[in-house]
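So that the names make sense, note that chain A is the first sequence line, chain B the second, and so on, each numbered from 1.
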Amino acid sequence: MAGQSNPQLSIFTAAEVEFLAEDEQIDIVPNVRMDTLHMICGDYGPFRPQIPVRVPLWLAIALKKRSKCRIQPPDWMSVEKLTQVLEDEREAPREFQPLPFHYVEISRLLFDHARDDITDPYLVRSLLEDIRDVRFHKVESGLETLSGKTHAVKLKNLAAMEVNIVRPFIVRALQCFYKHDNEDLIKQAANELDSQPVASDRVPRRTLRPR
Amino acid sequence: MAKGRGFGRGGSKGVVMLEAEEGGASERGDGNCCIAWDCEGAHLISSNSHSTLFFHSWPASSSPGPLRRLAHHRSAITGLAFSPSGSSLASCSLDHSVKLFSYPGGEFQSNVTRFTLPIRSVAFSITGSMLAAAGEDDGIKLISTIDSSIVRVFKGHNAPVVSLSFDPNNEYLASAGSDGTIMCWSLSSGKRVHTLYHAAPNTDLNSSCRNEVAWHPKGDVLAVPGRKNGVDVVMYDRDTGEKVFSLKGGHSATVGFLAWSFNGKYIATSAGDNQVILWDVDNRQDIDSQKFESQICSLAWKPNGNALAVMDADGKFGVWEPIVPAHMALPNDTSTQPSAIDREELLRFSDDDDLAVSEDEDKTLTSDRERSASPDIFSRSRKQKDTEEFGSLKKSSVSKKSDSQPQNKQMASSVASLPTMQKAFQPGSTQPDGGIRHFLNYNLVGSVTSCQNEGLSHVEVEFHDTGRGFRVPAMTDYFGFTMAAMNETGSVFASPRKGEKSPSTVLYRPFSSWASNSEWSMRLPAEEEARAVAVGLGWVAATTSLNHLRVYSEAGLQMAVLSLQGPVVTMTGHQEVLAVATHAAVPFPCGQQVIHCMVLNLAAHTKVIEGWLPLSPGSQLTWLGFSEAGLLSFYDSKGLLRVHTSQYGGSWLPVFSASKEAKNEDESLWMVGLTDTQVMCVACKFPDKQPQVSPKPVLSIFNLSLPLVHSDLGAEDLENEFLLKSWQLAQITDEAVRVNDEDEHEEEILKLEATLDRCILRLIAAACKGDKLMKAVELTKKLSLDKSWKGAIKLVSAMKLPALAERLSTMYEEKITHEASQEQELVVQSALTGQVRNTAIDASLNTEGFRPSATMKHGPAPDVQRIKSSLSNGHVLSHKQKVPSIGERCEEASKSSLSNDHVLPQKQRVPSTEKRGEGPTKSSTTGTFAEDNGTHLEDKATLNVAQEEEPFQRSSNPFAKSASNPFAKPPVATDSHTGGVSLLESLKRMRDTELDLKGKVARSNKAVRHS
């Protein structure tokens, strides 16, 4: 797929999407006593041992790395929920099941940093990968339906990572369809065809420091 | 026991044994022979020590030899299982595979699974959708028959698994290991439900004896070969894992195989003595027996006839037909006996247990769904005789009332059992339920875990707060501790008495100490046994079976031995206080325990609280503890948490109800602790009532909520908050008064007042919305901060209720003026103290025969204190009287402070003159005092008297509205009635004069001292 092979073309890199996902809230069970943390994005805590508290994912991971907490995997990351989602996902070829917008990134981050807190990690991981594959396949097969008459595509419940991958392709495909449908635009476009609408005004990309 | 043995005894005459294969080698087999009937009972499937399956028709057809041979396995077949539908046959073998064959075709279908080591047993679930297989591998595999996928793996057996049995209700799977350990697994959760360590005999895998287990066809008991000599089969309860009854006296060797008849009335057993015995289970009698040449290692009842197929270790098989004597019910006849009666009979005629079966039980046993819906009816009582053997199997005392008094067997079915006194427990402990680990104590600080591993156990202490710097090493548990308590400084353990040699022991381990070897242990006297322990700041306490409360210091000094009122239920410590709950009487008929509780301060050697615990009807105590602020609280089995409050002379508030808060019905909450505003519990899914050690329990946090009635305000949350906050406020002010340190609590009090006022304001808004104006006025009266009063007035006017707004502002003004006058009084007093201090010495002569206030003798300081308190004690309305004179008095007071000798008496007269209008008698008393003594002291005295009498006088009409009393109406107030600005101004002026005054008082004091 267009965006997948060339990261320069997608609006965000995967690392950037992951960075955005780190703002999602998650429950942790701290094992230290700590006062409220006053952050720009809000106040978190106070932290008391064994008392669950809700913090952003980045903070949870930071604490987890210092082994100051256990991360409680979100509800949807249980085997039962994921099995159900996978089943529904397979049964409904036209629509996507509601999952958190950043489910790919959150699960990835949790598997990277808090694997020991997930029950049945192997099963959860394989289920998540299955779900992702099914959904990506759905997205790809859905793209086949793009035609000259399409001016917009409605994709409900699509997750951030999925959108990010198909966005450049869809946008440009729709633009092309639009142009080719309109004779006036074709004339104009002859001059502007070289200019890349997406990457034109972008400064060289800085790679995010990996955590 | 020997009655009823009929024919066919002492020989195999009744059963003709056939070779499975004509001319087959009949070398001595190793017992890996199986036999099974198909569903119609027309064919027998057998396997001998070789790898071949044989299909035989029965009764034997004219042509000798088997109908068909299946030689798919490469080694001896160890188990056969027919699917319930009869359409497929599973076989497991020493060649590490489980194979599935179609039936009656006999075609090989699939290799269901493969193990790395020989497989010993295979079983089909009741629905036929699952297959369990196990052997020498670690773990029992549960395999879906549809796609051969592994659904679950149950791990836990330390020895090869030799037998598997699915529960007929499709809930559990029972497995037996060759070491005699029986485990019961939940199919849905994959968890181990019960473990019966070494319940069955030890068997050698190479011998032809095997610990076969089998569920009763109705699933209420599990039959297990007996371990003890002379006990052939033991029946264990499905739900509790307790021993129900046993069959004895038949075999001379341990039983290896058993099979229930289809109606559950009979059981056939085979043992190492080459006998097969048929038992009448209802009457616990052996009916018949057959002796064979070699041991029978497979038994199968014919599904549709009075016959039992047997196969011996040599690979010969035979059919014992008819097996059940003609005068008895047929083995497959279920119609004659309804299940409930069957079950009750079964329990009633127990010969070694005293049983009391309540009416409820039969109901619950008949239907699974009923049971899960109403766990509470599922109460039975029984007295176990062999508690030392099975005591560890008992489930938590929360779910059942264990240990009833032994009852007469005849009465058992008709009389409902009496409730019993609950056993002693440690708060925050879980019962061992077959798992390796359980909590001895779990609180907000950390946990003490007892861990049992192959006979050796050890105790682990863990802090929730890992940042505390020290890690406590695990301790090998030589004593067998069953009780523990911990806090930040140390942990205390206690073990029960075990025979003569090892008395009950109490051991204390401090977590950090500068001295080495500061751990200590105490062996209690031989006749005494520890029942509960607690630890606090610098003390350790243990209660014993002799109702002694023994208190030790942190270093192990014996500080006190006290006698308790009754047998201890539980106890807990917090800082320097200890709470002990004891039984006070036999429980109420509904089962509600009668528990007395006292709280001792071990540092001050005082009793702080004493009283009965108000448990919910029909409930037991399940948790006792202190909130973080140190309030005593307890939790009962009905899920209600109550907190002790010093208000109302020491009462209990029901601050939390688990049934109201739990997310779904099958969830129960296990209490861990509470703070001022929140409750911490562990949510346990049914059927668990207590948390498991691993995965680590996760605390659920709930807000306190009183059981309030749905009121017309429609704001229960707010009302709840209001009540709780005002309770907390009262608690804190109490505390502040008690420690006499208001500064420390001031900020806290202020903050609480602010939140309380916010809550009240929202309630006022709700009341106004609902047009409940009286409620709004009442609520407004409860406001404590000036700012919130103004807010209330603003709010009411914004809600377009002018009448109410006006009323509120009048009330506000009254409050203001009253407070001002109160302050005024204080100032006057402080001005007086200067004098008193001055005159106290020379006045001591004059005070003879004059004692208007005893405090006078103690000097000025306590006196002022008293005046202050008398003021703050709410002589609230009395001061309204003095309101008119504020202005003058301010001036007067300032004057007085300059020339304190003369003006003060005058000033004093201001209130008294006013009073004279209302109460001439009183003014005369003041007058007399003034006349009697000419010193300054009497001024003080009159003031005291005046102040003490006034509230008396006013109390006749405490709610007098200012409007109804022209006397009381403050002139300042009338002026500023309409405008808030003038009011504020006047207030400001008053404040100024006050400040001025204070300065002057200080100066005057100095002056007095100089003079």
inquiry  = Please determine whether the number of non-hydrogen atoms from other residues, nucleotides or ligands lying under 6.0 Å from atom CZ of A/R115 exceeds 12.
reply    = yes
Quick check on B/K751: does its NZ atom have over 12 non-hydrogen neighbours (other residues, nucleotides or ligands) under 6.0 Å away? no
In this structure, CD1 of A/I51 is separated from CD of B/Q678 (nearest 0.5 Å) by 8.0 Å
- prompt: Side chains of B/T675 and A/R48: closer than 4.5 Å at any heavy-atom pair?
  reply: yes
Just checking B/E462: does its CD atom have more than 12 heavy atoms from other residues, nucleotides or ligands closer to it than 6.0 angstrom? no
Checking heavy-atom separations under 4.5 Å from chain B, one finds in residues 30-41 of chain A A/N31, A/V32, A/R33
Sorted by chain and number, sequence neighbours left out, salt bridge (Lys or Arg N to Asp or Glu O under 4.0 Å) with B/E721 holds for B/K725
Sorted by chain and number, sequence neighbours left out, salt bridge (Lys or Arg N to Asp or Glu O under 4.0 Å) with B/R192 holds for none
Honestly, the part of B/I701 sitting under 4.5 Å from a heavy atom of chain A is side chain
Looking only at heavy atoms, the pair that brings A/P52 and B/V698 closest together is CG-CG1, 4.3 Å
Among residues 68-82 of chain A, those lying within the under-4.5 Å heavy-atom range of chain B are A/R70, A/Q72
Scanning both residues in full, the closest heavy-atom pair of B/D465 with A/P49 reads CB-CG, 3.4 Å
ask   = Any chance CG of B/D717 has more than 12 other-residue heavy atoms, nucleotides or ligands included, within less than 6.0 Å?
value = no
inquiry  = Any non-hydrogen side-chain atom of B/F463 less than 4.5 Å from a side-chain atom of A/Q50?
reply    = no
